[in-house]
Amino acid sequence: MKRESEFELVENPDALAERLVQSEEFVVRHKNLLIGLFVAIAAAVVGGFLYYQNQQTKNQEALAAMFQAEYYFEADSLNKALNGDGQNDGFKAVADEYSGTKAGNLANFYAGVASLKQGKYQEALNYLEEFKSDDLLLQARVYSLQGDANLELGKKAEAAELYKKAAEHKANDFFSPQYLMKAAVAYESANQFSEAIEVYDRIINDYPLSPEVNDAKKYKARAEGLTKK
């Protein structure tokens, strides 16, 4: 029936004319709605393009603003790296002013690491929790640094969970056993020996060729001894 209808539209001028009239009447009846719809679509497209352009511009500005802070970070001048030198912004200002940009996100990472080095563990944790990355190794590293900050704050079990999260993020034979070892040691320091033994077992079974295996076996035996006391 559909094919016959299409054939009629092509072959029958009256049928085609009637269909065109119906379409024109529909447009007239719903003119305001259609105009509003087209305007909304156009606004969304233009708005998206302008937002993308603005983010690109802000990202370039943030990278330029962060250049001197990176220099101070590499020179281990952590206070200037974080807070600026009076003429150039530090990572804190860049992270705040350019939040939502890739450079602003990276400033959170630098600010977190610098604060961790200064012993400002809660401040470090705040910045590191704001950082997000699709990088294969960097996000796992950030989870581990969050674990370090929690450990220094006395939150040993929370630290262990973050180390495990680091090990499981894009798991690999090089870094994962290192993070798992940190998790097991954190569990032991929290007197959670059963959890520590489970993590040591993961190292032994999942990463038998890693340098951490010998220590994992030794520490597992120690933890097993402590659970019997």
Side-chain angles (χ1 to χ4, degrees), residues 50-183 185-186 189 210-212:
L50 292 176
Y51 175 79
Y52 174 78
Q53 289 292 98
N54 181 59
Q55 288 298 97
Q56 290 292 97
T57 300
K58 288 182 67 177
N59 191 60
Q60 292 301 317
E61 291 175 359
L63 287 172
M66 200 164 58
F67 178 80
Q68 189 63 38
E70 289 179 305
Y71 172 80
Y72 286 131
F73 182 86
E74 294 297 331
D76 216 27
S77 298
L78 298 180
N79 191 55
K80 288 183 178 179
L82 282 167
N83 302 302
D85 57 11
Q87 293 182 327
N88 301 283
D89 286 337
F91 292 126
K92 290 182 179 180
V94 174
D96 180 58
E97 185 176 352
Y98 297 97
S99 62
T101 67
K102 291 181 179 179
N105 183 47
L106 186 59
N108 280 313
F109 172 77
Y110 277 117
V113 174
S115 297
L116 193 61
K117 288 184 175 183
Q118 287 188 328
K120 300 175 181 178
Y121 303 118
Q122 187 57 57
E123 190 171 300
L125 194 57
N126 294 340
Y127 281 111
L128 292 169
E129 287 175 344
E130 289 296 316
F131 177 80
K132 299 293 183 292
S133 176
D134 295 327
D135 184 82
L136 179 65
L137 301 176
L138 186 55
Q139 185 62 59
R141 174 63 176 158
V142 169
Y143 290 142
S144 179
L145 290 170
Q146 290 176 22
D148 293 343
N150 273 285
L151 194 63
E152 294 292 347
L153 290 168
K155 301 176 182 178
K156 300 171 183 178
E158 290 90 337
E161 289 299 314
L162 283 161
Y163 292 138
K164 285 169 61 179
K165 190 173 183 179
E168 292 160 2
H169 184 80
K170 311 294 184 182
N172 60 87
D173 292 338
F174 186 77
F175 290 107
S176 292
Q178 296 179 34
Y179 295 143
L180 288 173
M181 181 63 73
K182 294 178 74 171
V185 171
S189 67
S210 68
E212 289 74 22

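What you see is a predicted model, and the numbers here were worked out from it, not measured in a lab.
Leu138 pairs with exactly one of Asp135, Leu136, Asp134 by the side-chain contact (heavy atoms from CB on, under 4.5 Å) rule, that one being Asp135. When the options Val113, Asn108, Leu145 are evaluated for a side-chain contact (heavy atoms from CB on, under 4.5 Å) with Phe131, the one that passes is Asn108.
A heavy-atom distance below 4.5 Å is not found between the side chains of Lys155 and Glu161. Looking at heavy atoms from C-beta onward, Tyr179 lies out of side-chain contact with Lys164 at the 4.5 angstrom threshold. At a threshold of 4.5 Å between non-hydrogen side-chain atoms, the residues Tyr163 and Leu180 do not count as touching.
The CD atom of Gln60 lies 10.5 Å from the NZ atom of Lys102; values are rounded to the nearest 0.5 Å. For the atom pair CG (Asn105) and NZ (Lys132), the distance works out to 8.0 Å, reported to the nearest 0.5 Å. Separation of atoms OG (Ser115) and OH (Tyr121) is listed at 11.5 Å; rounding is to 0.5 Å. Taking CG of Asn83 as the start and CG of Asn88 as the end, the distance is 13.0 Å to the nearest 0.5 Å. Interatomic distance, His169 NE2 to Ser133 OG, rounded to the nearest 0.5 Å: 7.5 Å. Separating the CG atom in Asn172 from the NZ atom in Lys170 is a distance of 11.5 Å, to the nearest 0.5 Å.
Residues satisfying the side chain to side chain donor-acceptor pair (under 3.5 Å) test with Tyr143, not counting sequence neighbours, are none. In this view, Glu168 and Arg202 satisfy the side chain to side chain donor-acceptor pair (under 3.5 Å) rule, not counting sequence neighbours. Taking the salt bridge (Lys or Arg N to Asp or Glu O under 4.0 Å) definition, one finds that Glu158 meets it with nothing, sequence neighbours left out. Scored by the side chain to side chain donor-acceptor pair (under 3.5 Å) test, Gln118 finds Lys120 as partners (sequence neighbours excluded). With sequence neighbours excluded, the residues that form a salt bridge (Lys or Arg N to Asp or Glu O under 4.0 Å) with Asp148 are Lys182.
For the residue pair Asn126/Gln122, the side-chain donor-acceptor check at 3.5 Å is satisfied.
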Give the table of side-chain donor-acceptor pairs shorter than 3.5 Å for residues 66-74, with sequence neighbours excluded, one pair per line with atom names and distance.
| from | atom 1 | to | atom 2 | distance (Å) |
| --- | --- | --- | --- | --- |
| Glu70 | OE2 | Tyr110 | OH | 3.4 |
| Tyr72 | OH | Asp85 | OD2 | 2.7 |

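A 6.0 Å sphere centred on NZ of Lys92 holds more than 12 heavy atoms belonging to other residues, nucleotides or ligands.
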